[in-house]
Amino acid sequence: MNKIDWLSLDARLLQLLVTVVDTGSVTGAAQRLGLTQSAVSHGLDRLRAIVGQALFVKSGRGIVATAQAELLARRARSLLDELQAFSVAAGFEPARLHTCFTIAANDLQRDLLLPPLLRRLRAQAPGVSLRVIKSGAPGPALLRDELCQLIITPRPPEGSDLLQKRLFEDRYAVFYDEAQRAAPLSRADYLAADHVSVLYEPRRQLDIDQWLIAQGLERRFVAHVPGMAALGAMLRGSDWLATAPSLLARHSLHGLAQAPVPLATPAMPMYQVWHLRHQGDPVHQWLRAVLAQVVAEVLPASA
């Protein structure tokens, strides 16, 4: 393999590499970067000439990064972070910022917090954009491999290199279609009903489901869905129950009836989680601070 001519690299070329790896598409990268497809293709040609080997191979209608491209993209992300920190070392001004933040969040956090977060970010920094990916049951690799800059989750991944801050706390509620049934008023009613829940990964249940099992409380599930947003379609027109965070009533479960869980259940805290490498970064500090402002605005009782 030819040695990389590092003098031929610049930040835009590094950003192009990262974006093409992330999107797996010349078209998708062009849209995200505000470039033409020919400009992205020309950039890839430059990268191939610098590296001395192909970095992407065709796969169906898209392209797939080679192992070498994945490795270089990880290094490129670190370099871009350092360049960004260098550019704001003399004083951070959001209005001059041009970047895309990647945040991992599931349905509740995504719908509740991210739209007002983006509005607040862009009010101060019009050059900022946001990419949202699913967090599922998040692992530390999301942050360690720089797949995102921030995770918003009730289940923070563990690691000495990961930091977290509590954002708010929600309670669990029972959701149901009141045209089909009444609220379960007792533990017996609750346990006798058919239930729907979320399964983000095989054998990885929601915390509330794991907690109930640990208490020896067995429920009968008729369905598991891959995200909170899918619960509503299952409940409407049925007599089934779903035990989920009460704040879902503001978005994906709006219009369904809710009642307290007829037994004592733990609260559901929500955290923002980031990697230690970003702790002192003024841009990341700003992102975290704006998110805290959004929580205070959307959920003033939690502030």
Are side-chain heavy atoms of [X] and [Y] found at a separation under 4.5 Å?
{"X": "L55", "Y": "R48", "value": "no"}
{"X": "L112", "Y": "F168", "value": "yes"}
{"X": "R187", "Y": "L217", "value": "yes"}
{"X": "V174", "Y": "P262", "value": "yes"}
{"X": "K134", "Y": "N106", "value": "yes"}
{"X": "P245", "Y": "M270", "value": "no"}
{"X": "V20", "Y": "L16", "value": "yes"}

Using side chain to side chain contact (heavy atoms under 4.5 Å, CB included) as the criterion, point out the one residue from V64, T66, L44 that pairs with F56.
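Single pass found, and it is L44.
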Partner of T243 by side chain to side chain contact (heavy atoms under 4.5 Å, CB included), out of L206, L231, I208, V198: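 Looking at L206, L231, I208, V198, the match for T243 under the side chain to side chain contact (heavy atoms under 4.5 Å, CB included) is I208.
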Side-chain heavy atoms nearer than 4.5 Å, only ILVMFWY residues, links allowed to pass through others: does that put [X] and [Y] together?
{"X": "V196", "Y": "W211", "answer": "yes"}
{"X": "L71", "Y": "L80", "answer": "no"}
{"X": "Y172", "Y": "L185", "answer": "no"}
{"X": "V261", "Y": "F221", "answer": "no"}
{"X": "L287", "Y": "L130", "answer": "yes"}

Above 12 or not: heavy atoms from other molecules or residues under 6.0 Å from [atom1] of [X]?
{"X": "E178", "atom1": "CD", "value": "no"}
{"X": "R122", "atom1": "CZ", "value": "yes"}
{"X": "Q215", "atom1": "CD", "value": "yes"}

For [X] and [Y], indicate whether the former's side chain and the latter's backbone hold a donor-acceptor pair under 3.5 Å.
{"X": "D170", "Y": "S246", "value": "yes"}
{"X": "D239", "Y": "Q180", "value": "no"}
{"X": "D194", "Y": "V222", "value": "no"}
{"X": "S197", "Y": "H224", "value": "no"}
{"X": "R277", "Y": "R144", "value": "yes"}
{"X": "Q285", "Y": "Q279", "value": "yes"}
{"X": "H195", "Y": "Y190", "value": "yes"}

Nearest-0.5 Å distance, [atom1] of residue [X] to [atom2] of residue [Y]:
{"X": "I152", "Y": "L117", "atom1": "CD1", "atom2": "CG", "value": "7.0 Å"}
{"X": "M268", "Y": "D207", "atom1": "CE", "atom2": "CG", "value": "9.0 Å"}
{"X": "L248", "Y": "L108", "atom1": "CG", "atom2": "CG", "value": "5.0 Å"}
{"X": "L191", "Y": "L263", "atom1": "CG", "atom2": "CG", "value": "7.0 Å"}
{"X": "L291", "Y": "Q109", "atom1": "CG", "atom2": "CD", "value": "10.5 Å"}
{"X": "L114", "Y": "R131", "atom1": "CG", "atom2": "CZ", "value": "13.5 Å"}

Should the pair [X]-[Y] be classified as a salt bridge under the 4.0 Å nitrogen-to-oxygen rule?
{"X": "D209", "Y": "R219", "result": "yes"}
{"X": "R236", "Y": "D177", "result": "no"}
{"X": "D22", "Y": "R77", "result": "yes"}

Looking at every non-hydrogen atom in both residues, tell me the closest pair between [X] and [Y] and how far apart they are.
{"X": "V225", "Y": "A230", "result": "CB-CB, 3.7 Å"}
{"X": "Y176", "Y": "A182", "result": "CE1-C, 3.9 Å"}
{"X": "A259", "Y": "A183", "result": "CB-CB, 3.7 Å"}
{"X": "V18", "Y": "A76", "result": "CG2-CB, 3.7 Å"}
{"X": "A193", "Y": "L241", "result": "CB-CD1, 3.5 Å"}
{"X": "M234", "Y": "W240", "result": "O-CE3, 3.4 Å"}

Assess the side chains of [X] and [Y]: does a donor N or O sit below 3.5 Å from an acceptor N or O?
{"X": "R288", "Y": "Q272", "result": "no"}
{"X": "T19", "Y": "Q15", "result": "yes"}
{"X": "T36", "Y": "S38", "result": "yes"}

CA sep, side-chain torsions, deciding dist, call: V298, R250, side-chain contact (heavy atoms from CB on, under 4.5 Å):
CA-CA 11 Å; V298 175; R250 295 194 182 190; 3.5 Å; yes
**Report entry** ILVMFWY cluster membership beyond V273 - transitive side-chain contacts under 4.5 angstrom
**Finding:**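 Answer for V273: I133, L142, L143, L147, I151, L162, Y271.
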Step by step, work out the side-chain contact (heavy atoms from CB on, under 4.5 Å) result for L47 and L13.
-> CA-CA 8 Å; L47 281 168; L13 205 55; 3.8 Å; yes
For this session: Please test Q205 against L199 for side-chain contact (heavy atoms from CB on, under 4.5 Å), starting from the C-alpha separation and ending with a verdict.
Result: CA-CA 5 Å; Q205 297 169 304; L199 200 63; 3.9 Å; yes
With side-chain contact (heavy atoms from CB on, under 4.5 Å) as the criterion, how do Q258 and L253 come out once you've worked through the C-alpha distance, each side chain's angles and the decisive distance to 0.1 Å? CA-CA 9 Å; Q258 65 167 296; L253 298 187; over 6 Å; no
**Asked** Are the aromatic ring centres of H284 and F101 under 6.0 angstrom apart?
**Response**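 They do not qualify: ring centres at least 6.0 Å apart.
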